[in-house]
S.K.: 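Sharing a structure, written as structure tokens. Questions coming.
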Amino acid sequence: CRLWHFHQLLFQMIYCRRGWVRVAYEDQGEPFVMQAGDCVLQPPGIRHRVLEGSAGMEVVEIACPAQHETLADAQLTLPNERVDTQREFSGQKFVRHRAEQSTWQPWHTDGFMQRDLGLTLATRGLARACVVRAQRANAAIGPREQSETFFFLYVLAGQAMLSCKGEHRLASDTACVLPPATSYTLHGCSADFEFLQVALDLNLA
């Protein structure tokens, strides 16, 4: 959208997969560049605009609901004079996660590390998001029951097998959504297996 605009929805996040993109957000100061691995949480109603992007730029965008209203704001000029990084928009705060400044921490499953994207507190528990990386070949997750109302996986590197109502090979740039009350196992992970995981608890909406 060429105009400053905002969306009427419940949840929206952008993960930069490849390349770079320069963006501006209401009350968040000067425009900034998102590099591969960076992420933003766009709270409902925050004015924003994509200013430019690199050739071959790709992002993973998750919005709930998928179909929602987008409204232009021709009166706003960004960056605006007010800077309030703690402002809430419909009960959520803007988040900018920079991969190069993040740290890897142990995940809840042995053999994996994670970098949390910082969405849980900003959405009051509505969303959880992290990037998970295998520490060794053949590390496994599960069997585990998926209990979230929305559970999304996107493979960033490597490969693994997903056991969930059959066997499915997950390779780089493969995505899947697992429904609630679904048992699954990730196994046969390559040593470079890495994925983005996003979960929403829509009961809190």
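For this chain, numbers begin at 1 and follow the sequence in order.
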S.K.: Are Gln92 and Arg124 linked by a side-chain donor-acceptor pair shorter than 3.5 Å?
M.R.: no

S.K.: So Tyr154 and Phe152, would you call those rings parallel, tilted or perpendicular, with 30° and 60° as cut-offs?
M.R.: parallel

S.K.: Is any side-chain heavy atom of Gln42 less than 4.5 Å from a side-chain heavy atom of His7?
M.R.: yes

S.K.: Quick check: is Val21 connected to Phe6 through a chain of hydrophobic side chains (ILVMFWY, heavy atoms under 4.5 Å apart)?
M.R.: no

S.K.: Treating Ile, Leu, Val, Met, Phe, Trp and Tyr as nodes and any side-chain heavy-atom pair under 4.5 angstrom as an edge, say whether Val177 and Leu10 lie in one connected cluster.
M.R.: yes

S.K.: Can you name the nearest heavy-atom pair linking Glu26 to Gly45, along with the distance?
M.R.: OE1-O, 4.0 Å

S.K.: Classify the angle between the aromatic ring planes of Phe112 and Phe195 as parallel (below 30°), tilted (30 to 60°) or perpendicular (above 60°).
M.R.: perpendicular

S.K.: Verify side-chain hydrogen bond (donor to acceptor under 3.5 Å, both in side chains) between Ser54 and Arg18, making sure each step is shown before the conclusion.
M.R.: CA-CA 9 Å; Ser54 65; Arg18 294 184 175 90; over 6 Å; no

S.K.: Testing the basics here: between Cys189 and Ala139, what is the closest heavy-atom pair and its distance to 0.1 Å?
M.R.: SG-O, 3.0 Å

S.K.: Could you walk me through whether Phe94 and Thr85 pass the side-chain contact (heavy atoms from CB on, under 4.5 Å) test, one step at a time?
M.R.: CA-CA 7 Å; Phe94 177 81; Thr85 58; over 6 Å; no

S.K.: Is the backbone N or O of Ala99 less than 3.5 Å from a side-chain atom of Asp38, with the two atoms forming a donor-acceptor pair by type?
M.R.: yes

S.K.: Checking Leu202 against Leu126 for the side-chain contact (heavy atoms from CB on, under 4.5 Å) test, could you report, in this order, the C-alpha distance in whole Å, the side-chain angles of both residues, the deciding distance, and whether it holds?
M.R.: CA-CA 7 Å; Leu202 298 180; Leu126 171 68; 4.2 Å; yes

S.K.: Step by step, work out the side-chain contact (heavy atoms from CB on, under 4.5 Å) result for Cys164 and Leu178.
M.R.: CA-CA 9 Å; Cys164 180; Leu178 304 184; 4.1 Å; yes

S.K.: May I ask you to test the Ser183-Arg144 pair for a side-chain heavy-atom distance under 4.5 Å?
M.R.: no

S.K.: Do His68 and Gln8 come close enough that some side-chain heavy atom pair is under 4.5 Å?
M.R.: no

S.K.: Using atom types as modelled and distance alone, determine if a side-chain donor or acceptor of Thr120 lies under 3.5 Å from a backbone N or O of Gly125.
M.R.: no

S.K.: Is any side-chain heavy atom of Phe150 closer than 4.5 Å to one of Asp201?
M.R.: no

S.K.: Is the shortest heavy-atom distance from the side chain of Gln28 to the side chain of Val83 under 4.5 Å?
M.R.: no

S.K.: To check you understand the geometry: which heavy-atom pair defines the closest contact between Ala199 and Glu148, and what is its length?
M.R.: CB-CG, 3.7 Å

S.K.: Ignoring hydrogens, what is the shortest heavy-atom contact between Leu119 and Ala129? Give both atom names and the distance.
M.R.: CD2-CB, 3.8 Å

S.K.: Would you say Gln146 and Phe151 make side-chain contact, with heavy atoms under 4.5 Å?
M.R.: yes

S.K.: Measure across His97 and Ser102 and return the closest heavy-atom pair with its distance rounded to 0.1 Å.
M.R.: CE1-CB, 3.5 Å

S.K.: Looking at Trp4, is Arg49 sitting on its ring face, NZ or CZ under 6.0 Å from the six-membered ring centre and within 45 degrees of the normal?
M.R.: yes

S.K.: Distance only, no hydrogens: is a donor on one side chain within 3.5 Å (strictly under) of an acceptor on the other, for Ser90 and Glu88?
M.R.: no

S.K.: Give the intermediate values and the outcome of side-chain contact (heavy atoms from CB on, under 4.5 Å) for residues Gln114 and Arg133.
M.R.: CA-CA 6 Å; Gln114 70 151 344; Arg133 173 184 292 173; over 6 Å; no

S.K.: Would you call the rings of His48 and Tyr25 parallel, tilted or perpendicular, where under 30° means parallel and over 60° means perpendicular?
M.R.: parallel

S.K.: Is there side-chain contact between Pro44 and Phe11, with at least one heavy-atom pair below 4.5 Å?
M.R.: no

S.K.: Which atom pair, heavy atoms only, marks the closest approach of Val40 to Arg96?
M.R.: CG1-CA, 4.2 Å

S.K.: Between His5 and Thr70, is there a side-chain donor-acceptor contact under 3.5 Å, judged purely by atom types and distance?
M.R.: no

S.K.: In terms of side-chain heavy atoms, does Gln12 have a donor or acceptor partner in Glu61 at a distance below 3.5 Å?
M.R.: yes

S.K.: In chain order, what residues pass the side chain to side chain donor-acceptor pair (under 3.5 Å) check against Arg17, with sequence neighbours excluded?
M.R.: Ser172, Asp173

S.K.: Could you list the residues that satisfy side chain to side chain donor-acceptor pair (under 3.5 Å) with Asp27, not counting sequence neighbours?
M.R.: Asn80, Arg82, Arg87

S.K.: Report yes if the side chains of Glu167 and Leu162 come closer than 4.5 Å at any heavy-atom pair, otherwise no.
M.R.: no

